[in-house]
Amino acid sequence: MQQITQPFSQILWQENLPLYTATLNLPFNQELAAGTLSKDAFSHYVIQDAHYLLAYGRALAICAAKAYDADEVILFSEAAKVAIVVERSLHDGFMQAFGISCEDFLNTPLTLACHHYTSYLIASAYADSYPVVLASLLPCFWIYAKVGQDIYDKSLPNNPYQAWIDTYAGEEFHEAVRKVIEVVDKVAARCDEDTLNKMRQAYAYAAKLEWLFWESAYHQTHWRSLDMIG
């Protein structure tokens, strides 16, 4: 078993710090904080985020089924529930506020980025060991919270997206993130070197997909029409 001299989560964070910085500096996040992000880009993001959260909830539920103890089963079961509750609240809140109808949502398929990210998380949840599943799910908790806090701290007055930005500052969410990080560190302390390397790969891959999700939203990237192929 590999001797870990610092919390494994901190190793993950430091190894992927340049990627976090790049995510923080994406035009989507900078313009969201400034209130200058286009309504179309934000609406695109909200629709894809709702699609994503349903899949993330499923992955969290599978993670709960693989958990090592009762407290972890409860933690990830509750997290799965929260993801679905937030997904539903998007329909009743931000989608209505920005003129996105139920039909708009239902008729908008997953983008390449959303499809790739959700497919990866679901595949990992089913196929990988519990430690590796944890690592694949961690970036959505941790990077989302850190980027969100930065946006909240930088948000300018009269920001048209302030209601959305305020959701980043909720202490309940940040407490959940801290608990997940604690679980990752506890589980990693019991893992052999091969498993730790797989965890590092899973975290890095999911962190890249976090970057891609925001980047895709800014450019409103969609699949090419099948009429354009061939």
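Heads up: numbering here begins at 1 and tracks the sequence. Treat the numbers as computed from the prediction; the structure is a model and nothing was measured. Just so you know, these numbers use all the heavy atoms, side chains as well, and skip hydrogens, waters and symmetry mates.
- Residue Y68 qualifies as enclosed at atom OH: its count of foreign heavy atoms under 6.0 Å is above 12.
- Salt bridge present: D69 and K186 bring a charged side-chain N and a carboxylate O closer than 4.0 Å.
- The OG1 atom of T36 lies 8.5 Å from the CG atom of L156; values are rounded to the nearest 0.5 Å.
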Legend entry - Pair I74-S77, side chain to side chain contact (heavy atoms under 4.5 Å, CB included): steps then yes or no: CA-CA 5 Å; I74 293 172; S77 294; 5.8 Å; no
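- Residues I62 and L121 do not share a hydrophobic cluster, defined by chaining ILVMFWY side chains whose heavy atoms lie under 4.5 Å apart.
- V147 has its side chain within reach of T23: a pair of non-hydrogen atoms, C-beta onward, lies under 4.5 Å apart.
- The closest side-chain heavy-atom distance from S101 to D104 is below 4.5 Å.
- The number of heavy-atom neighbours closer than 6.0 Å to CD of E172, taken from other residues, nucleotides and ligands shown, is 12 or below.
- Note on L138: it clusters hydrophobically with L212, by side-chain heavy-atom contacts below 4.5 Å among ILVMFWY residues.
- Inter-residue side-chain proximity for E210 and Y20 is flagged as unmet; no heavy-atom pair is nearer than 4.5 Å.
- The two residues A67 and E72 have their closest heavy-atom pair at CB-CB, 3.7 Å.
- Salt-bridge annotation for K154 and D150: present, with a side-chain N of the basic residue lying under 4.0 Å from a carboxylate O of the acidic one.
- Between Q48 and H44, the side chains place no donor N or O within less than 3.5 Å of an acceptor N or O (distance only, hydrogens not considered).
- Panel note: side chain H51, backbone T108; a donor-acceptor pair is recorded below 3.5 Å.
- Rounded to the nearest 0.5 Å, atoms CD (E215) and CH2 (W211) are 4.0 Å apart.
- Counted by atom type alone, S43 and D40 present zero donor-acceptor pairs between their side chains at under 3.5 Å.
- Using modelled atom types, no side-chain atom of N16 and backbone atom of A207 make a donor-acceptor pair closer than 3.5 Å.
- Heavy atoms from other residues, nucleotides or ligands lying under 6.0 Å from CZ of F173 number more than 12.
- One finds the OG1 atom of T195 at 14.0 Å from the OH atom of Y130 (value rounded to the nearest 0.5 Å).
- Taking every heavy atom of both residues into account, A41 and L37 meet most closely at CB-CD1, 3.9 Å.
- The two residues V73 and A64 come nearest to each other via the heavy atoms CG2-O, 3.4 Å.
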Inset, instruction - Decide yes or no on side chain to side chain contact (heavy atoms under 4.5 Å, CB included) for L24 and N29, but give the supporting numbers first. - result: CA-CA 6 Å; L24 201 64; N29 294 321; over 6 Å; no
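- Under a hydrophobic clustering in which Ile, Leu, Val, Met, Phe, Trp and Tyr are joined whenever their side-chain heavy atoms come within less than 4.5 Å, directly or via other members, L53 and I122 fall into different clusters.
- Between W13 and I143 there is a side-chain heavy-atom pair separated by less than 4.5 Å.
- Within a 6.0 Å radius of CZ in R178, other residues, nucleotides and ligands contribute more than 12 heavy atoms.
- T21 contributes a side-chain N or O that, together with a main-chain N or O of L17, makes up a donor-acceptor pair within less than 3.5 Å.
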Inset, instruction - Verify side chain to side chain contact (heavy atoms under 4.5 Å, CB included) between Y218 and L26, making sure each step is shown before the conclusion. - result: CA-CA 9 Å; Y218 185 76; L26 283 172; over 6 Å; no
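- Atom CD1 in I151 sits 10.0 Å away from atom CH2 in W164 (nearest 0.5 Å).
- By the 4.5 Å heavy-atom criterion applied to side chains, Y52 and Y45 are not counted as neighbours.
- By the 6.0 Å contact criterion, CG on N25 is enclosed, its count of non-hydrogen atoms from other residues, nucleotides or ligands being greater than 12.
- Here the CD1 atom belonging to I165 is positioned 3.5 Å from the OG atom belonging to S155, to the nearest 0.5 angstrom.
- Aromatic rings of Y161 and F98 (six-membered ring for Trp) have centroids within the 6.0 Å cut-off, being under it.
- Nearest heavy-atom pair, Y117 versus C140, reported as atom, atom and distance to 0.1 Å: OH-CB, 3.8 Å.
- In terms of heavy-atom proximity, C63 sits nearest to V133 at CB-CG1, 3.9 Å.
- Of the possible donor and acceptor atoms, one in the side chain of T118 sits under 3.5 Å from a partner among the backbone N and O of H115.
- A heavy-atom distance below 4.5 Å is not found between the side chains of F8 and V187.
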Inset, instruction - Apply side chain to side chain contact (heavy atoms under 4.5 Å, CB included) to the pair S136 and Y205, showing each step before the final yes or no. - result: CA-CA 8 Å; S136 71; Y205 197 78; over 6 Å; no
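- How far NZ of K198 is from OG of S124: 11.0 Å, rounded to the nearest 0.5 Å.
- Both Y144 and V180 are assigned to one and the same hydrophobic cluster, defined by single-linkage of ILVMFWY side chains at heavy-atom distances under 4.5 Å.
- Side-chain contact annotation: Q201 with N197, donor-acceptor N/O pair under 3.5 Å absent.
- In terms of heavy-atom proximity, G57 sits nearest to I84 at CA-CD1, 4.2 Å.
- Side-chain contact check for F213 versus C114: some heavy-atom pair is nearer than 4.5 Å.
- Annotation: side chain of V183 is in contact with side chain of L134 (closest heavy-atom distance under 4.5 Å).
- Residues M95 and L106 share a hydrophobic cluster, clusters being chains of Ile/Leu/Val/Met/Phe/Trp/Tyr side chains in contact below 4.5 Å.
- More than 12 heavy atoms of other shown residues, nucleotides or ligands fall within 6.0 angstrom of atom NZ in K66.
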